[in-house]
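This report refers to the structure that appears directly beneath it.
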Amino acid sequence: MNTTNSEQPRDFIRDIINNDLQTNKYGGQVHTRFPPEPNGYLHIGHAKAICLNFGIAADYNGLCNLRFDDTNPIKEEQEYIDSIIDDIRWLGFDWENRLYYASDYFEQMYEYAVQLIKAGKAYVDELSADEIRDYRGTLTHPGRHSPYRNRSIEENLDLFGHMRAGEFPDGSRVLRAKIDMASRNLNMRDPVMYRILHSEHPRTGDKWCIYPMYDWAHGLEDSIEGITHSICTLEFEDHRPLYDWFLDELGIYHPHQIEFARLNLTYTVMSKRMLLELVQKGQVSGWDDPRMPTISGLRRRGYTPESIRNFSRRIGVAKTGSTIGIALLEHCLRQDLNKQAQRVMGVLRPLRVVIDNYPEDQVEELDAVNNPEYPGAGTRKVPFSRVLYIERDDFREDPPKNFFRLAPGREVRLRYAYFITCVDVSKDEQSGEVVELHCTYDPATRGGDSPYGRKVKATLHWVSAKYALEAEVRLYNQLFIKEDPTNVEDGADFKAYLNPNSLEILASCRVEPSLANATPGSRYQFERQGYFCVDPDSSAGKIVFNRTVPLRDTWAKIEKHEDK
RNA sequence: UGGGGAAUAGUCUAGUGGUAGGACAGCGGAUUCUGGAUCCGUCAGGGUAGGUUCGAAUCCUACUUCCCCAGCCA
């Protein structure tokens, strides 16, 4: 089965587009947009929408705009704009010269509002926010008309002008569409179009003190840009009648809004509000903490853009509310990293091993292959010497059944090196902890092959004690212990389900010397352990690695089963 | 009690009146100088009840369950 590319995705949105193309609804054009609000960092859920919108444009030889929906200066910041641009670029998408801002259209939107007032379809209301809520009615009861609903067009025009001129305080007045206070769709009960906000805007500064609401602004933005298919998430489904109403009343170009289900992932949260809270309360180190589902967090963790794009393609697009298992994301990651990542040896929890019959001062430079999936990656030299470190987990004094690794009297292979046999175990007298192993090696097995065809059941990774580099390794686990942390028991908060063991720092790991010049962001497979990525926290004296994802571990599974 | 949506294996997803297919997860085996990768096999599915039809996941009717909506947020 082809799991990586080429087959055209098929989904209900592309079905709609195919149909529109056949009927020539938009003159054969396909033009989408990704419209983030710059009030936080992008996360993997946004990546789904980005891949969808840019992907559709690419599939149909169309265009996709990047447009910041910057209509609420209270929550929006330049930092977020910058991070969003970086993240989408990193994901591999290009909007060419089509970077737009809703705020670019404020003047045009104002004129459209005047047009609606002149048509008797909008009015300035002086009810307070509380009163408006009260007048709106409820889900089951209709609302009531505001006493200001029937002002003259002239008065509305005049008042709206004074709103723009900054003559009224925040909250004192709003411009509302005059639709239907009895509509069964609450969005149609005279929705607010403009509110007064004397707030500095990241782009327009203090030019404006009235700002358009989403429902009013969004369709106009799409219309102005000539968008054909305006793709958004399910919760906007019952806003569509309003989207359509504004464009129809104005009589301007009318894109088609299509809604799809947003992405949910197990063991994490996908709401900007919750992610912001984790950042602000210091539960994580920042928006780019490698445990965060943000694009910047995944990047720092070591995810590749390819793996995220592939994931987005494989989860599909539908209207069914769904939650994808994190295992699928990790599968896509491993699939990519397995092909890309150079192999190295690194020992996370070192156990000292002395090869008794190996000459004291001898060093051998042994050949190790860089990537068995891609022979073109070549080989490198790894130094072997009398004292080594192996993984503590690779030795058991009293091995359980099915444990193939090192144990007293047992022979194993050191990868690319020699067969060794454990002849003695030194322990700490107080604690009984194993502190050192004594082994012998078979010189005839140099390079790791037995000339006699002698078999060994395990191959271990190792480093030379003398030549290894010291490194810090950060092991990450799921941020939450609950599959759906937002599904809280009453009184509880999603933070109650934070995993106390989501980060484990190993301060004195040993890695092979070829890693001396590894640069931040570079990714490796530590053989038999997982994929790791150099963190920007690394310094000249100490490399810091993030564990991106462990390798699949059949042994761990067997061990777990036998525990039961 | 109103309106808008959605229901296919443990989790996603295809199929658009004609043998329910794929992926992830699981399980078993082969192979392996990574208990990785690879390969092979296997488990398991149309919310319920009726109806139309030679034939229904698909069409019709009724019901059930879940999600969203009462911001001057998006």
Side-chain angles (χ1 to χ4, degrees), chain A residues 1-3 10-11 15 35-37 39 69 71-72 74-75 125 127-130 132-134 136-143 170-176 183-189 191-197 210-211 213-215 217-218 232-241 259 261 266 272-273 314-332 334-335 338-339 343 345 368-369 372-373 402-405 413-417 419 445 447-450 456-461 525-530 550-559:
Chain A
M1 235 341 56
N2 189 339
T3 54
R10 173 75 188 274
D11 55 67
D15 286 345
E37 184 191 12
N39 67 343
D69 208 358
T71 57
N72 184 357
I74 292 170
K75 292 184 175 175
D125 199 355
L127 254 26
S128 69
D130 285 345
I132 287 180
R133 187 186 316 118
D134 189 44
R136 187 156 33 228
T138 67
L139 294 177
T140 50
H141 295 287
D170 288 3
S172 64
R173 295 186 172 71
V174 291
L175 183 72
R176 289 230 254 174
S183 173
R184 284 166 305 191
N185 181 344
L186 302 214
N187 296 122
M188 302 300 274
R189 318 242 264 226
V192 173
M193 295 164 61
Y194 278 96
R195 74 286 215 190
I196 301 172
L197 254 28
I210 56 171
Y211 290 93
M213 297 287 291
Y214 170 87
D215 286 311
H218 206 87
C232 62
T233 44
L234 251 29
E235 66 271 26
F236 292 104
E237 214 151 14
D238 47 17
H239 292 241
R240 191 181 348 120
E259 310 84 11
T266 55
K272 281 200 235 177
R273 193 210 98 217
R314 291 177 54 161
I315 58 178
V317 186
K319 298 193 71 159
T320 320
S322 61
T323 302
I324 311 285
I326 190 76
L328 180 60
L329 214 210
E330 294 187 339
H331 167 81
C332 293
R334 289 192 185 102
Q335 184 177 265
N338 177 49
K339 285 181 302 189
R343 269 79 295 206
M345 292 196 283
V369 338
E373 303 290 320
N402 293 327
F403 183 87
F404 303 151
R405 282 110 93 147
R413 171 169 40 232
L414 292 182
R415 178 140 234 227
Y416 301 125
F419 284 15
T445 58
D449 284 309
S450 162
V456 95
K457 290 191 93 172
T459 299
L460 311 186
H461 62 277
Q525 183 195 102
F526 286 12
E527 293 213 28
R528 304 208 305 130
Q529 311 227 67
L551 250 25
R552 292 188 60 189
D553 189 349
T554 311
W555 165 240
K557 236 180 258 175
I558 294 168
E559 211 180 12

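This structure is a prediction, so every number in the text was calculated from the model and none was measured. By convention in this document, chain letters (A, B, ...) are assigned in the order of the sequence lines, proteins followed by strands, and residues within each chain are numbered from 1. The figures here come from the full heavy-atom set of this structure, side chains too, leaving out hydrogens, waters and symmetry mates.
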| Syn/anti label of rG4(B) as read from its glycosidic torsion, with the cut at 90° from 0 |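 Here the answer is anti: the torsion falls beyond 90° from 0.
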
* Does rG46(B) adopt a syn or an anti glycosidic conformation, taking syn as a chi angle within 90° of 0? ->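 The base of rG46(B) is oriented syn (glycosidic angle within 90° of 0).
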
Checking all strands, does [X] fall into the base, sugar-phosphate, or nothing category for heavy-atom contacts under 4.0 angstrom?
X	answer
Gly325(A)	sugar-phosphate
Pro241(A)	nothing
Arg413(A)	base
Leu328(A)	sugar-phosphate
Arg405(A)	base
Phe403(A)	base
Lys457(A)	nothing
Glu237(A)	sugar-phosphate
Thr266(A)	nothing

**Study point:** Range-with-range stems of RNA chain B (Watson-Crick or G-U pairs under 3.5 Å, three or more in a row)
**Key:**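 Listed by first number, the stems are B:2-7 with B:64-69, B:10-13 with B:21-24, B:26-30 with B:38-42, B:47-51 with B:59-63.
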
Letter by letter from the 5' end, nucleotides 43-48 of chain B scores (B base, S sugar-phosphate only, - none; protein heavy atoms under 4.0 Å) ------

Each nucleotide of nucleotides 69-74 of chain B classed B (base within 4.0 Å of a protein heavy atom), S (only sugar-phosphate) or -, in 5' to 3' order, makes BBSBSB

_Polar side-chain contact Gln525(A)-rU34(B) base: donor and acceptor under 3.5 Å_ =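 Counting by modelled atom types and ignoring angles, a donor-acceptor contact under 3.5 Å is found here.
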
